[in-house]
Amino acid sequence: MSRPLPSVLDQALASAVRAPSPHNTQPWRFVLEHDVIEVRLDRERVLAVADPHAREARLACGAAAFNLQICLRANGFATVVRLLPDPAEPGLVAVLRLDGNQKSTAAERRLAEAVFRRHTNRRPLLDKEVPPAARAALKAAALHEGGQIEYLDASGRYTPVASLVRQAESLQETDHAFRAEAAFWTHRGPDSPDGVPKIASGPPPQGSGVVSLRASHENEDLPAREYEREPLLAAVLTRDRGPHAEVRAGMAMQRVLLTATADGLATSFLSQPFETPRTRASLERLFAGAGQPHTLLRIGYGYPARLTARRPVEEVLTQRTTAH
Ligand SMILES: Cc1cc2nc3c(=O)[nH]c(=O)nc-3n(C[C@H](O)[C@H](O)[C@H](O)COP(=O)(O)O)c2cc1C
């Protein structure tokens, strides 16, 4: 096997840190040793109130692992990926080993390129339907990574899930600890290397919609606007539950988000019902028999928003040298 150029590894790590994470906490670290890259959970960056069991942080680390993998594949390197390989080390989320050369496909190059355009779009979307072919492509993307997508308009779960989003949002709005944590991570300046900058927030909604985006992500400097009436909502599911399923779901979620970006679709998240115990239990009951729900995506057409910054790769990378 020819050795990857350092620039390919640089590019792969730059792709990894472009992954989405709750409040842009970037709860990851990377260790590079010879032809192995480890993705590790950074416990200090797990949201203590919204994500006490690091579930969302594992989704984010799974997304970072997917970005690493797709960038290496697009550059002609095959990889072997192991998720949570060591039960004694739950912080070791994924290990990627380079496994020879393999010609990249156009589809892989398209997704790798989308990594640097994908962003969370919290602005109003157009009332324009996502056509069946685009819906099918996102379903296929989730399946490719061992996950599933359920469109809530097709499954009959739209109304109860939208109601849980609104219920969780209002519980969080009156919870001091939630508000304090969200306030710490949001409304940052445009160059903040982490957290959600004000420029990435949407305008306050005019009237109440069927779903509510996070109030903590509203930009009060903008005039109120009407949001789309009924956005397409998709739940990312896996058959199993637990930490391994969460990392897998993160990888599936990321392939879905990149496929959406490549197809010109805007995406954002509605995580509130996963974060308060009562609504989370209701959500799991609602999906009983269908799979384990991990995240909820809002998908549609809109105008691109701004990319948010990341901490530099040097800050999250440890390089180990192997003694021979
Ligand atoms: C597991 C997870 C849950 C998220 N939940 C929300 C959410 O409920 N509301 C929201 O506006 N953004 C949510 N996000 C998006 C992050 O805030 C976003 O990824 C981060 O600020 C970085 O911005 P970017 O996605 O534009 O690169 C979530 C992201 C992840 C990975």
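Below, each value reflects all heavy atoms present in this structure, side chains not excepted, and no hydrogens, waters or symmetry copies. Note that ligands are numbered from 1 as they come in the structure, with each ligand's atoms numbered from 1 the same way.
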_Numbered atoms and elements of ligand 1 in range of Asn24, under 4.0 angstrom, heavy atoms_ = 20 (C), 21 (O), 22 (C)
*State whether Glu218 and Arg122 are salt-bridged, where the test is any N-O pair (Lys NZ or Arg NE/NH1/NH2 against Asp/Glu carboxylate O) under 4.0 Å.*
no
_Test salt bridge (Lys or Arg N to Asp or Glu O under 4.0 Å) applied to Glu275 and Arg280, Arg214, Arg55, the passing residue_ = Arg214
*So which protein heavy atom does atom 5 (N) of ligand 1 come closest to, and at what separation?*
Ser271 OG, 2.6 Å
*Please state which part of Ser21 comes within less than 4.0 Å of ligand 1, counting heavy atoms only: side chain, backbone, both or neither.*
backbone
_So for Ser268, does at least one of its heavy atoms come nearer than 4.0 angstrom to any atom of ligand 1?_
no
*Please write down residue, atom name and distance for the protein heavy atom closest to atom 17 (O) of ligand 1.*
Arg122 NH2, 2.9 Å
*State plainly whether one hydrophobic cluster holds both Phe66 and Phe269, where clusters connect Ile, Leu, Val, Met, Phe, Trp and Tyr through side-chain heavy atoms under 4.5 angstrom apart.*
no
*Taking the non-hydrogen atoms of Val196, is any one of them nearer than 4.0 angstrom to ligand 1?*
yes
*Ion pair present between Arg117 and Glu113, side-chain N to carboxylate O less than 4.0 angstrom?*
yes
_Within reach of ligand 1, part of Thr120 (heavy-atom separation under 4.0 Å)_ = both
*Using a strict 4.0 Å cut-off to heavy atoms of Leu59, name the atoms of ligand 1 that fall inside it.*
1 (C)
*Dump the intermediate steps for ring pair (Phe, Tyr, Trp, His ring centres under 6.0 Å) on His217 and His187, then the final yes or no.*
CA-CA 8 Å; His217 284 155; His187 294 92; 8.1 Å; no
*Between Gln272 and ligand 1, does any nitrogen or oxygen pair lie at a separation below 3.5 Å?*
no
_Under 4.0 Å from a heavy atom of Arg214: which atoms of ligand 1 are those, numbered in the order shown and with their elements?_
7 (C), 8 (O), 9 (N)
*Is it true that the side chains of Gln172 and Gln272 contain a donor and an acceptor less than 3.5 Å apart?*
no
*Distance to 0.1 Å, residue and atom name: give those for the protein heavy atom nearest to atom 13 (C) of ligand 1.*
Phe269 CB, 3.5 Å
_Please classify the Thr308 to ligand 1 contact at 4.0 Å (heavy-atom distances, strictly less than): side chain, backbone, both or neither._
side chain
*asked:* Below the 3.5 angstrom mark, is there an N/O of His119, backbone or side chain, next to an N/O of ligand 1?
replied: no
*Give the numbers and elements of all ligand 1 atoms closer than 4.0 Å to a heavy atom of Arg310.*
22 (C), 24 (P), 27 (O)
*Answer with side chain, backbone, both or neither: which part of Arg306 has a heavy atom less than 4.0 angstrom from an atom of ligand 1?*
neither
*Lys/Arg-Asp/Glu bridge criterion (N-O < 4.0 Å) met for Glu228, Arg298*: yes
*SB check Glu38 Arg320 (cutoff 4.0 Å)*: yes
*Is the shortest distance from a heavy atom of Arg118 to ligand 1 less than 4.0 Å?*
yes
*Any N or O on Glu56 sitting closer than 3.5 Å to an N or O of ligand 1?*
no
*Report yes or no: is the cationic atom of Arg157 (NZ for Lys, CZ for Arg) under 6.0 Å from the centre of the six-membered ring of Phe287, at an angle within 45° of the ring normal?*
yes
_Between Asp194 and Arg45, does any side-chain N to carboxylate O distance fall below 4.0 Å?_
yes
*Do Arg135 and Tyr151 meet the cation-pi criteria used here (NZ or CZ under 6.0 Å from the six-membered ring centre, within 45° of the axis)?*
yes
